Participant: 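I have a structure here, written as structure tokens, and I will follow up with some questions on it.
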Amino acid sequence: MEKTWWKQSVVYQIYPRSFNDSDGDGIGDINGITEKLDYLKELGIDVIWLSPVYESPNDDNGYDISDYQAIMQEFGTMEDFERMLSQAHERGIRIVMDLVVNHTSDEHRWFVESRRSKHNPFRDYYIWREGKDGKEPNNWGSCFSGPAWSYDESTHMYYLHLFSSKQPDLNWDNPEVRDKVYEMMDWWCRKGIDGFRMDVISMISKAEGLPDGPKGESQLYGDPSPHAQNGPHVHEYLQEMNRRVLSHYDLMTVGECAGVTVEEAQKYASLDGKELNMVFQFEHMGLDEGEGYKWSDRKVSLPQLKAVMSKWQTELYQKAWNSLYWCNHDQPRIVSRFGDDRPAYRELSAKMLATCLHMMQGTPYIYQGEELGMTNAPFETLEDFRDIESINAYHEFVQSGIVDASAMMRYIRYKGRDNARTPMQWDDGVNAGFSAGTPWIMVNPNYKEINAEEQLSREDSVFRYYQKLIRLRKKEEIIVSGTYELLLPDSEELYVYTRTSERHKLLVVCSFTEDAVPFALPAEFKEADAEVLISNYNRDSIDKNITLKPYEAFGLKI
Ligand code: NOJ
């Protein structure tokens, strides 16, 4: 039997810390998620991707795991987890776990042992090197600022951490490490989970000899990415993982693959099923970067965005499978980024962006609050931020003089990951209905206007629009399987594409501007019986020559 339910599915990502707090400690938890399963059922999603819920000292909010087989106390117990899983399954919702195995926490037993002595049985679980001329073994920088190496007093050697110093990288070249990871994955599969989202999985295999990375002008350290992404053994290890674990269960797998090209993705997510089902690529998320890497407030160019999205649509077709996303817990809110979050245009542009993405081929991901059109938050000072990435980057860029303080504050306000991590806005009551206690991070004050309760009460809300898009994908096979073609590639205002199957054709038109834009329907869609599948202005027919309203979007079918 072909197990490809994930091709028809829509995934909803939950960042548990910020979703729903059931016990008033200011931190979201597992029972809080269980309480909201009916809300998710109403939205119509098929799968939950759960950001990490494992035991963790929370240096990086759970992406630093100290025990893969225990639940973080703040989030609840294993019994709570099992109840959530079975209640989700009762509602036909599957649960995909975050698998963070490029690194562990430095408080994981393996690392505690590993750092004890050079001869400890766990020594080779991590990547230890001697210093070079009293300095780090190579010039690699960490993704969270500073060098990617920390010196350890007990054995006078350095260990590698591509993220924070509390996230030491596992040594995947050690077969014992791989065995342990597969055993742990198998344990979760036997519990009945439905898949894995694999954190920075493209980084598990490092280049032989760990050579220095290229040094950009604005960088204090070398860039490890050419030597730490899509490395020499990554496909071998994933194929092994597939043989040893994944192929024994009916799972959905998605690999987070920084630096992945379409050619590489064709290997990771090949339809022959030897590795993963799909990858998260980052090309579209990198288009508004500036001189200081992601720290910029540049606006994306629409022709570039279309070129990138279209490349992935066409080049994976019938070779591999796409994941479709605008948002996750690492990205700012899309309506504040590619849309327009001013009150007059917020809902229109949120719906337009949703139309643009959800009519493409691939598995769509919705990040909590995206279905309400939640926006970036008005953080004021550095004290308002919680995220290690933003705080470290601010200090590093400002102290080194690469970016001045006021520009850097603007950049972290615009691009910081905390924008995605403010509490889910459930209603207009205390703390947006998220918690009866003091939330661990500020609540976006716009919850009075933007909240789930209000949107559920209104037929034309962003929530109801997402619900429609999800239903359409279930009803119209062409959205899952049609071929994709981009029209008007050079337009600075319109994103227009078609989807084609043997019997039908879809036209998707999205305006990325507040200006009125004239648009003539392509000849074949001028027939009177073209059906309007979706329209963010509730049109029931489209004129041959139409002037598109601000952020207008529609989908037509013949
Ligand atoms: C990617 C995750 O999405 C991000 O949140 C985390 O900080 C890094 N990987 C390190 O695990």
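Owing to the predicted nature of the structure, the values given are computational and were not obtained by experimental measurement. We count ligands from 1, going down the list as the structure has it; atoms in each ligand are counted the same way.
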Participant: Report yes or no: does a heavy atom of R197 sit under 4.0 Å from some atom of ligand 1?
Facilitator: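 R197 counts as a contact of ligand 1 under the 4.0 Å cut-off.
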Participant: Among all protein heavy atoms, pick the one closest to atom 8 (C) of ligand 1 and tell me residue, atom and distance.
Facilitator: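 Residue, atom and distance for the closest contact: F163 CE2, 3.8 Å.
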Participant: Can you tell me if NZ on K311 sees more than 12 non-hydrogen neighbours from other groups inside 6.0 Å?
Facilitator: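 Yes.
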Participant: Which of the numbered atoms in ligand 1 are below 4.0 angstrom from a heavy atom of V200?
Facilitator: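 Answer for ligand 1: 9 (N).
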Participant: A cation-pi test, strictly: NZ or CZ of K191 under 6.0 Å from the centre of the six-membered ring of W187 and no more than 45 degrees from its axis. Yes or no?
Facilitator: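 Ring-cation test returns yes.
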Participant: Any heavy atom of R417 sitting closer than 4.0 Å to ligand 1?
Facilitator: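 For ligand 1, residue contact (heavy atoms, under 4.0 Å) with R417 is present.
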Participant: Consider ring-ring contact (aromatic ring centres under 6.0 Å, His included). Of F111, W110, Y126, which one does Y159 pass it with?
Facilitator: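 The option that passes is F111.
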Participant: Which residue and non-hydrogen atom of the protein lie closest to atom 6 (C) of ligand 1, and at what distance in Å?
Facilitator: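 Going by distance alone, atom 6 (C) of ligand 1 is nearest to D60 OD2, 3.3 Å.
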Participant: Does any donor atom in the side chain of T34 or N31 lie under 3.5 Å from an acceptor atom in the other side chain?
Facilitator: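 No, because no side-chain N or O of T34 sits under 3.5 Å from a partner of the opposite role on N31.
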Participant: Scan D67, N61, T104, D64 and name whichever one has a side chain to side chain donor-acceptor pair (under 3.5 Å) with S56.
Facilitator: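 The residue from D67, N61, T104, D64 that satisfies side chain to side chain donor-acceptor pair (under 3.5 Å) with S56 turns out to be D64.
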Participant: Among protein heavy atoms, which lies nearest atom 9 (N) of ligand 1, and at what distance?
Facilitator: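 Checking every protein heavy atom, the shortest distance to atom 9 (N) of ligand 1 gives D199 OD1, 2.9 Å.
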Participant: Go through ligand 1 atom by atom and flag the ones less than 4.0 Å from a non-hydrogen atom of F144.
Facilitator: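 Result: 7 (O).
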Participant: Do we see a donor-acceptor contact under 3.5 Å between the side chains of S51 and Y63?
Facilitator: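 Looking only at side-chain atoms, Y63 and S51 do form a donor-acceptor pair, the distance falling under 3.5 Å.
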Participant: Which ligand 1 atoms, with their elements, are less than 4.0 angstrom from a heavy-atom of H103?
Facilitator: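 Atoms satisfying the 4.0 Å criterion: 10 (C), 11 (O).
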Participant: Under 4.0 Å from any heavy atom of E256, which atoms of ligand 1 are there?
Facilitator: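 Those of ligand 1 that fall under 4.0 Å from E256 are 1 (C), 3 (O), 9 (N).
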Participant: Run the numbers for me: atoms of ligand 1, each under 4.0 Å from some heavy atom of D330, listed by number.
Facilitator: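 Those atoms are 1 (C), 2 (C), 3 (O), 4 (C), 5 (O).
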Participant: Can you confirm if the NZ or CZ of R17 lies within 45° of the ring axis of W440 and under 6.0 Å from the centre of its six-membered ring?
Facilitator: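 Yes, R17 lies over the aromatic ring of W440.
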